[in-house]
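Take a look at the structure below.
In this text, all values refer to a predicted model and were calculated from it rather than measured experimentally. Just so it is clear: chains get the letters A, B, ... in the order the sequence lines come, proteins before strands, and each one is counted from 1. All heavy atoms count here, side chains included; hydrogens, waters and symmetry mates do not.
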2 protein chains.
Amino acid sequence: MANTKTSTMSFYPNQDTFLIAVDCIIFGFKDNKISLLAQPRFLEPFKNGLSLLGGFVKENESVEQAASSVLSRLTGLENIYMEQVGMYGALERDPGDRVVSCAFYALIDIESQDEQLLEEHKAFWINIDRANELIFDHPRMVADAIKLLRQKAAIQAVGFNLLPEKFTLSQLQALYEAIYYQVFDIRNFRKKMLSMDFLEKLNEMDKSGSKKGAYYYRFRDEKVQNDQYPSRF
Amino acid sequence: MANTKTSTMSFYPNQDTFLIAVDCIIFGFKDNKISLLAQPRFLEPFKNGLSLLGGFVKENESVEQAASSVLSRLTGLENIYMEQVGMYGALERDPGDRVVSCAFYALIDIESQDEQLLEEHKAFWINIDRANELIFDHPRMVADAIKLLRQKAAIQAVGFNLLPEKFTLSQLQALYEAIYYQVFDIRNFRKKMLSMDFLEKLNEMDKSGSKKGAYYYRFRDEKVQNDQYPSRF
DNA sequence: ACAAAAGTGTTAAGCATACACCCATGG
DNA sequence: CCATGGGTGTATGCTTAACACTTTTGT
């Protein structure tokens with residue numbers, strides 16, 4: 001506990017202070033699988049262990065800013081949808097030192113991100129089923145993030161952040177099947193998706209996936225859904 | 001920023017450290033309204049302002065422990081259902097000093113709690129519609145907590161934490177109406193509640209609310225619900 | 001006898017589910 | 001011409017939502 005200091009000249013003297021980290025679960029969608037960015041840890045403890053992308057919060061930035069800057073440093077992307085997963089504050093979560101961490105998840109289009117930057121930071125995509133190889137309590141963070149993502153996807157058009165701007169309904173279905181880890185009936189899926197009016201059909205086809213070709217769709221972002229709860233009584 | 005120190009002898013040298021607070025949104029149910037515990041703030045800034053119950057995290061406790069100890073110090077209750085609301089880390093959220101706060105909400109039976117202790121700490125119950133009188137970002141924390149509570153109550157038998165061990169269906173309905181801030185049809189409500197088999201009907205009646213008397217019910221705690229998502233396709 | 005809360009059932013509409021075949025095209 | 005993925009409609013059961021009257025009993 002070497003770096004748990006005590007505050008002095010302050011409104012709140014004689015209180016302990018802590019290192020605060022942010023850890024980012026950066027989801028992408030590739031080969032019909034949900035993946036996330038990981039990185040070999042570059043210092044002890046667990047040097048070279050598989051780690052989420054993170055960093056320490058600095059004095060002059062908010063916790064959210066710290067998370068965004070991790071994300072943009074690693075992917076080159078700005079203004080990405082991020083959501084707080086929660087705070088992880090167990091005593092021994094980091095055997096190196098007492099560190100309290102705040103986890104965020106982000107959804108990015110895997111294609112629009114900067115390969116170069118990833119390589120510079122030795123970061124790479126791993127499949128979510130490898131999340132339990134991560135160090136510290138990172139596996140738990142990922143599990144919590146997936147839970148939130150599923151909840152969110154059930155009521156909001158969240159998945160569009162993970163796809164390129166133009167996508168086919170088959171891609172969209174594959175994405176939802178990856179998120180929920182289950183298969184959906186193609187007719188029911190399309191019916192439901194089209195009945196919510198998120199989607200705009202384009203006059204353009206993707207001929208890469210089939211001979212016949214599939215129409216591209218695009219997300220109407222005017223149609224951002226409000227929060228809602230499942231109906232009850 | 002007087003107490004933002006820098007770590008020294010550590011695995012993570014030269015990093016900034018922070019004060020970490022916990023703030024507890026302690027919900028109770030009284031007079032058919034959801035209320036929460038508040039307290040006049042006892043130091044500057046905002047001395048005497050209306051504040052959530054909170055405290056600083058200490059070196060030798062987890063963040064969760066810090067929250068539980070705030071709760072038990074103020075109410076005398078142990079082993080109470082608490083859930084993390086989130087971390088609040090904006091730069092200027094506390095004008096006194098840089099403090100990062102983690103909010104939790106708890107549900108307690110207002111009757112089972114220690115009046116004495118509340119008075120000692122000058123804590124008192126306020127109606128949730130007064131939450132916007134709270135200082136700092138506490139109004140936002142309360143709003144976020146209510147949102148979580150609503151989500152939770154839609155899929156889990158969460159409300160029982162707020163009622164005495166024995167309660168009538170009318171009380172239960174009043175509770176749900178307070179949580180969701182809307183009225184439910186009495187027949188539909190009872191039908192649905194009884195169809196989930198949370199409830200055990202007792203052979204005892206409450207004669208205080210009516211001439212006829214109403215049966216008491218009790219929560220079967222074997223029947224704790226698992227997490228689930230709204231159905232989709 | 002009446003006021004006040006407790007308790008009870010049915011119907012209609014909407015939503016989720018299950019299910020199978022034709023289409024267009026490149027090779 | 002055929003293999004591959006794209007695209008479509010209907011019937012059934014379940015859940016929700018809307019709705020009004022009877023029961024009990026203390027005063």
Side-chain angles (χ1 to χ4, degrees), chain A residues 31-32 150-151 153-156 163-164 166-218 225 228-233, chain B residues 31-32 150-151 153-157 163 166-218 225 228-233:
Chain A
D31 301 330
N32 289 351
R150 286 182 177 161
Q151 268 174 224
I155 55 174
Q156 287 194 13
L163 292 171
K166 295 181 297 186
F167 51 85
T168 67
L169 287 180
S170 307
Q171 285 176 278
L172 186 62
Q173 181 166 356
L175 170 61
Y176 272 79
E177 292 182 342
I179 291 177
Y180 289 106
Y181 204 71
Q182 64 183 253
V183 302
F184 300 118
D185 179 86
I186 177 181
R187 288 158 288 185
N188 295 337
F189 180 85
R190 296 167 94 97
K191 205 187 318 162
K192 178 148 178 178
M193 275 297 157
L194 294 171
S195 76
M196 319 178 176
D197 47 5
F198 299 150
L199 295 174
E200 182 179 0
K201 188 176 187 171
L202 302 180
N203 261 336
E204 205 181 337
M205 295 189 99
D206 169 35
K207 311 282 284 182
S208 71
S210 71
K211 329 281 168 103
K212 185 179 176 184
Y215 280 104
Y216 277 122
Y217 286 76
R218 173 169 77 179
Q225 285 285 90
Q228 50 188 239
Y229 310 105
S231 65
R232 288 171 311 278
F233 303 107
Chain B
D31 301 331
N32 289 350
R150 286 183 179 161
Q151 269 175 224
I155 55 173
Q156 286 193 13
L163 292 171
K166 298 182 295 190
F167 50 85
T168 66
L169 288 181
S170 307
Q171 286 175 278
L172 186 63
Q173 182 167 355
L175 170 61
Y176 272 79
E177 293 182 342
I179 291 176
Y180 289 106
Y181 204 73
Q182 65 183 249
V183 303
F184 300 118
D185 178 86
I186 176 180
R187 286 158 290 183
N188 293 338
F189 180 84
R190 295 165 96 97
K191 207 186 315 159
K192 178 147 179 180
M193 275 296 158
L194 294 171
S195 76
M196 317 177 177
D197 47 5
F198 300 148
L199 294 173
E200 183 178 1
K201 186 177 187 171
L202 303 180
N203 261 335
E204 205 181 336
M205 294 189 100
D206 168 36
K207 310 282 284 184
S208 69
S210 70
K211 326 285 166 95
K212 186 178 175 185
Y215 280 102
Y216 277 121
Y217 286 76
R218 176 169 75 180
Q225 285 285 90
Q228 51 188 242
Y229 310 106
S231 66
R232 288 170 311 278
F233 302 107

Expressed as a whole number of angstroms, how long is the span from [X]:[atom1] to [N]:[atom2]?
X	N	atom1	atom2	result
A/Gln182	C/dT17	CD	C1'	13 Å
A/Tyr215	C/dC23	OH	P	16 Å
A/Gln173	D/dT8	CD	P	13 Å
A/Tyr216	D/dG5	OH	P	16 Å
A/Phe189	D/dG7	CZ	C1'	14 Å
B/Leu169	C/dA5	CG	C1'	13 Å
A/Gln171	D/dG5	CD	P	14 Å

* Structure fact -> Here the gap from B/Tyr176 atom OH to B/Gln182 atom CD, rounded to the nearest 0.5 Å, amounts to 13.0 Å
* Structure fact -> Quick tally for nucleotides 19-27 of chain D: nucleotides whose base has a protein heavy atom under 4.0 Å get B, sugar-phosphate-only ones S, the rest -, giving BB--BBBS-
* Asked: Would one find a side-chain N or O of A/Lys192 under 4.0 angstrom from OP1 or OP2 of C/dC15?
  -> no
* May I ask you to say what A/Thr168 touches in the nucleic acid, namely base, sugar-phosphate or nothing, with a heavy-atom cut-off under 4.0 Å? => nothing
Has [X] got a side-chain atom pairing as donor or acceptor with [Y]'s backbone, closer than 3.5 angstrom?
X	Y	result
B/Gln173	B/Phe184	yes
A/Arg150	A/Ile179	yes
A/Tyr216	A/Leu169	no

* Identified side-chain contact (heavy atoms from CB on, under 4.5 Å) counterpart of A/Glu177 within the set A/Leu172, A/Asn32, A/Val183 -> A/Val183
* Given side chains that start at C-beta, do those of A/Ser170 and A/Arg190 come closer than 4.5 Å, heavy atoms only? -> yes
